Amino acid sequence: MATEIHHNQNLPDFFDCNCILGKRSDRREGEPWSVDSLLKDMSYYNIKKALVTYAPSKDYDAIFGNHQLITQISAYKNLLPVWTIVPPHTPEMPLPKKFFEDSEKHGIVAFTAFPILQNFSLNNWSCGELLKEIQKSHKPLLLPFSQTNWEEIHNLCSQYPNLSIIVHTVNYRQLRFLLPLWKIHSNLYVDTSWFSILDIIPFLEENNLIKHLLFGSNYPSYTPGASITLVTYANTSDQIKRSIACDNLQNIINNIIQ
Amino acid sequence: MARNNFENTALAGITLSGEVVIDAHMHIDMYNKFFIPAAATEHLIANARRIGIQKLYGSSLLAIRNDAQTGNANVMRTHHKYPEIFEPYLVIKPNYPEEITSIIEFSITNSINQFKLHDDGNDYLYDHKNYFPLYEHCNNHNSIILFHTYGNLHLRPITNIAKQFKSIKILLAHSGIIDEQSYIDIANSYENVFLETCNSWAWYGLIERLVNAVGSYKILFGTDMPFMSPDQQIGRILFAKISDNDKRNILGINAQTLFNLK
């Protein structure tokens, strides 16, 4: 190859908002699941930090998984824990006060929910109390696109305007929904993992929407390499690339009330 | 695993220079089902050049969706406008059998030896009799056919074609998207079957598994522009944990051979 690249030559650092750790029910053969594998891959792909959800919180038991996550990653400062919520109306879920005290104690930086998979509603009559508390903490709510729909996202963004809602793994066919939603909701974000739209980054830049796109890999279902080059090869400035790679998510995390 | 030059080039977003990079699967023209911000041909070419792609093999979405003859004329116009980079695939539609002979003649007149088949909008399986005039022509001319595929639904009838028409060079679009083992099996069973990589689901380890199972000499890089960003698709190859030679084969060396570009 004619182009000679040397290490650390303006390589952007990445902060991954969409990463899952642990053994998954729908794992494809060969997909990594351990902390060691995650750390090795983060090094290979130049991902400096990641928001991490624990697979058993999704596939087995939310509260069990939440606590297991802490034992798995508490030694690693670059792995930031995400807890899974379920509505606080069944005995499995601690009362909100206790849940949020525990989450503070363990340095939880974001929450996630799997309402379709785990059979509950995110509506006010079910999760209103929890979502109000999350909004108060300024911690983001991560929602896999497969677990929601645009009508629900619109309602959540309207009811909780100070809650940052990061929708994971939105596919490349959704701009007719997203563009009108971004006109009215500054708190709605998507990640890069399946947002493989031709020239999406210059298009968002032209329309002053760059802050809404965050680097997310959907690891380990997807290789982070695809999301990385979506950013690094984009027809835009290094500053915009850094915003998507890292800064947009860092700004959300910096906003958390300590 | 330590990063080498390909991965560091990808991380820096630098144009691939000194490498053969050929996109074996892309499209021109418009699409109705979702909004694509930069679908114009000049955008597609600018995107390709920024990455370092030197050749684009493309079909017309108008041809695939509605009107094969008008769409085929569009790809020929694009080829004449950008002869150094754009090469056309011609399309036939099995639900317009009355056009097929004239499209084959059009291909002969214009010296086009590659075709794209897509069952979008029709329910004709790829071993339907209406395709056979094309298959017979392609078998006689060692032509390439790029088949749109989505797993076993498409691979079963293509297996019949691969078996019967051994001189057609069959390229399977979206290899490994689902039913991964079936793609491996058909590529290993038939010398004339090759795998193409574009896939919006960037499955972890898929490229590595395909290389290990069938060999990199049978795999070709494609982007599926304008549906997908080449920026995203190139990362699946550049970061794959395979040798540099395997990457080179996939990025362009195999396409050079298949399309007789050497």
Side-chain angles (χ1 to χ4, degrees), chain A residues 1-12 14 28-32 40-41 43-46 169 171-179 192-204 206-207 217-235 238 241, chain B residues 1-19 26 31 33-39 43-44 46-47 50-52 180 198-209 212 223-241 244 248:
Chain A
M1 194 183 302
T3 311
E4 283 298 322
I5 306 297
H6 303 287
H7 284 284
N8 302 320
Q9 185 194 22
N10 296 322
L11 302 184
F14 288 87
R28 293 161 69 97
E29 263 182 69
E31 288 172 358
K40 277 181 193 154
D41 270 336
S43 169
Y44 181 69
Y45 291 106
N46 214 41
T169 325
N171 69 49
Y172 57 98
R173 299 179 171 218
Q174 302 300 318
L175 282 178
R176 287 178 184 149
F177 293 101
L178 268 165
L179 292 175
T192 53
S193 60
W194 198 9
F195 211 55
S196 54
I197 303 164
L198 182 68
D199 265 349
I200 185 60
I201 292 172
F203 177 77
L204 295 181
E206 274 169 33
N207 288 280
S217 66
N218 194 27
Y219 181 92
S221 291
Y222 292 0
T223 168
S227 265
I228 283 174
T229 51
L230 184 74
V231 178
T232 60
Y233 277 108
N235 187 19
D238 287 347
K241 291 179 188 178
Chain B
M1 188 170 182
R3 288 197 301 267
N4 68 13
N5 221 26
F6 272 115
E7 293 97 41
N8 282 316
T9 300
L11 267 177
I14 290 174
T15 304
L16 293 160
S17 58
E19 301 290 347
M26 53 83 71
Y31 195 62
K33 291 186 182 173
F34 53 92
F35 173 62
I36 300 170
H43 286 129
L44 308 184
N47 271 281
R50 196 175 60 255
I51 291 171
E180 185 178 314
C198 73
N199 189 344
S200 74
W201 294 324
W203 297 129
Y204 188 99
L206 173 62
I207 301 298
E208 291 88 336
R209 290 192 296 275
N212 288 335
T223 67
D224 209 9
M225 284 195 283
F227 296 136
M228 289 173 228
S229 167
D231 303 348
Q232 181 227 22
Q233 292 299 313
I234 197 79
R236 299 177 55 229
I237 313 302
L238 297 181
F239 278 107
K241 293 165 184 171
D244 284 356
R248 291 189 172 102

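Naming convention: chains lettered A, B, ... in sequence-line order (proteins, then strands); numbering from 1 in each chain. These numbers come from a predicted model, not from an experiment.
Atom CD1 in A/Ile228 sits 11.5 Å away from atom CG in B/Leu238 (nearest 0.5 Å). With rounding to the nearest 0.5 Å, the separation of CD1 in B/Ile36 from CG in A/Leu175 is 9.5 Å. Expressed to the nearest 0.5 Å, how far OG of A/Ser193 lies from CD of B/Gln232 amounts to 9.5 Å.
Of the possible polar contacts, none joining the A/Tyr172 side chain to the B/Ser229 backbone as a donor-acceptor pair under 3.5 Å is found. B/Arg3 places a side-chain N or O within donor-acceptor distance of the main-chain N or O of A/Ser43, the cut-off being under 3.5 Å. Here the side chain of A/Thr232 pairs a donor or acceptor atom with the backbone of B/Ala10 at under 3.5 angstrom.
Of the atoms belonging to A/Phe14, it is side-chain heavy atoms, and not backbone ones, that fall under 4.5 Å from chain B. For a residue to count as touching a neighbouring chain, one of its non-hydrogen atoms must lie under 4.5 Å from one of that chain's; by this rule B/Met228 touches chain A with backbone and side chain alike. If you measure heavy-atom distances from A/Ile197 to chain B, the contacts under 4.5 Å come from both the backbone and the side chain. Looking at B/Ala46, neither its backbone nor its side chain comes within 4.5 Å of chain A, counting heavy atoms on both sides. Heavy atoms of A/Tyr44 lying under 4.5 Å from chain B belong to its backbone as well as its side chain. Using a 4.5 Å cut-off between heavy atoms, A/Asp41 contacts chain B through its side chain alone, with no backbone atom that close.
In this pair, A/Tyr219 and B/Tyr204 present their aromatic rings perpendicular. The plane angle is above 60°, beyond the 30 to 60° band. Between A/Tyr45 and B/Phe239, the two ring planes are tilted [angle within 30° to 60°].
Considering only heavy-atom pairs separated by less than 4.5 Å from chain A, the leading option among B/Gly205, B/Ala39, B/Pro226, B/Ala38 is B/Ala38. Among A/Glu206, A/Arg173, A/Lys241, the residue making the largest number of heavy-atom pairs under 4.5 Å with chain B is A/Arg173.
A salt bridge between B/Arg209 and A/Glu29 is absent, with no side-chain N of the basic residue lying under 4.0 Å from a carboxylate O of the acidic one.
Residues passing the side chain to side chain donor-acceptor pair (under 3.5 Å) test with A/Asn171, sequence neighbours excluded: A/Gln174. For A/Lys40, there are no salt bridge (charged side-chain N to carboxylate O under 4.0 Å, His left out) partners, not counting sequence neighbours.
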